[in-house]
Novice: 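The structure under discussion is supplied below as structure tokens; questions concerning it will follow.
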Amino acid sequence: MMPLTAEQRRALTMLADAGHNGAPQALLSAHGFDASMIAELVNRGLATLTAEKVRAGGKLIAVAKARITEAGAGGDRS
């Protein structure tokens, strides 16, 4: 497996800081992390991505949230 890039490590740090609530995909995109890079972290078992419904302005909207896994939070970041 290829080592993580600096951007991937930065994304994992952001997910770790987000804690149990995770970070919405839109926030990750706003910080310059594209969906394919997050998908690679998911494929490597370092993050999860789930679809959730949240209420905003009286409407339910679908939001994708990324969360760090134990492997992503630990020393398993090679």
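Just so it is clear, the values below take in all heavy atoms, side chains as well, and ignore hydrogens, waters and symmetry mates. Owing to the predicted nature of the structure, the values given are computational and were not obtained by experimental measurement.
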Novice: Does any non-hydrogen side-chain atom of V54 lie less than 4.5 Å from one of I61?
Specialist: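 Touching, per the 4.5 Å side-chain cut-off.
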
Novice: Would you check if R10 and F33 make a side-chain contact, meaning some heavy-atom pair closer than 4.5 Å?
Specialist: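 Side-chain contact under 4.5 Å: yes.
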
Novice: So, applying side chain to side chain contact (heavy atoms under 4.5 Å, CB included) with L12, which one of L4, T69, D17 is it?
Specialist: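 It is L4, the one option of L4, T69, D17 that forms the side chain to side chain contact (heavy atoms under 4.5 Å, CB included) with L12.
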
Novice: When you measure from the side chain of R67 to the backbone N and O of H20, does any donor-acceptor pair fall under 3.5 Å?
Specialist: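 It does hold such a pair.
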
Novice: For the pair I38 and L28, evaluate side-chain contact (heavy atoms from CB on, under 4.5 Å) and give the outcome as yes or no after the intermediate values.
Specialist: CA-CA 9 Å; I38 299 302; L28 295 170; 3.9 Å; yes

Novice: With clusters defined by side-chain heavy atoms of hydrophobic residues (ILVMFWY) lying less than 4.5 Å apart, directly or transitively, does M14 cluster with V63?
Specialist: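 Each belongs to a different hydrophobic cluster.
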
Novice: Looking at every heavy atom in both A71 and G45, which two are closest together, and how far apart are they?
Specialist: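 Closest approach of A71 to G45, heavy atoms only: CB-O, 3.7 Å.
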
Novice: Enumerate the residue pairs fulfilling side chain to side chain donor-acceptor pair (under 3.5 Å) with a member in residues 55-65, sequence neighbours excluded, ordered by first and then second residue.
Specialist: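 Residue pairs passing side chain to side chain donor-acceptor pair (under 3.5 Å), neighbours aside: none found.
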
Novice: Mind listing the closest non-hydrogen atom pair of L15 and A47 along with its distance?
Specialist: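 L15 and A47 have their closest heavy atoms at CD1-CB, 3.9 Å.
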
Novice: Please give me the minimum heavy-atom distance between G32 and E7, naming the atom from each residue.
Specialist: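 Closest pair (atom of G32, atom of E7, distance): O-OE1, 4.5 Å.
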
Novice: Considering all heavy atoms of both residues, which atom of A18 and which atom of A23 are nearest to each other, and what is their separation?
Specialist: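 Closest approach of A18 to A23, heavy atoms only: CB-N, 4.1 Å.
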
Novice: Going by salt bridge (Lys or Arg N to Asp or Glu O under 4.0 Å), name the pairs with one or both residues in residues 24-42, residues two or more places apart or in two chains.
Specialist: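 Listed by first then second residue: E40-R44.
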
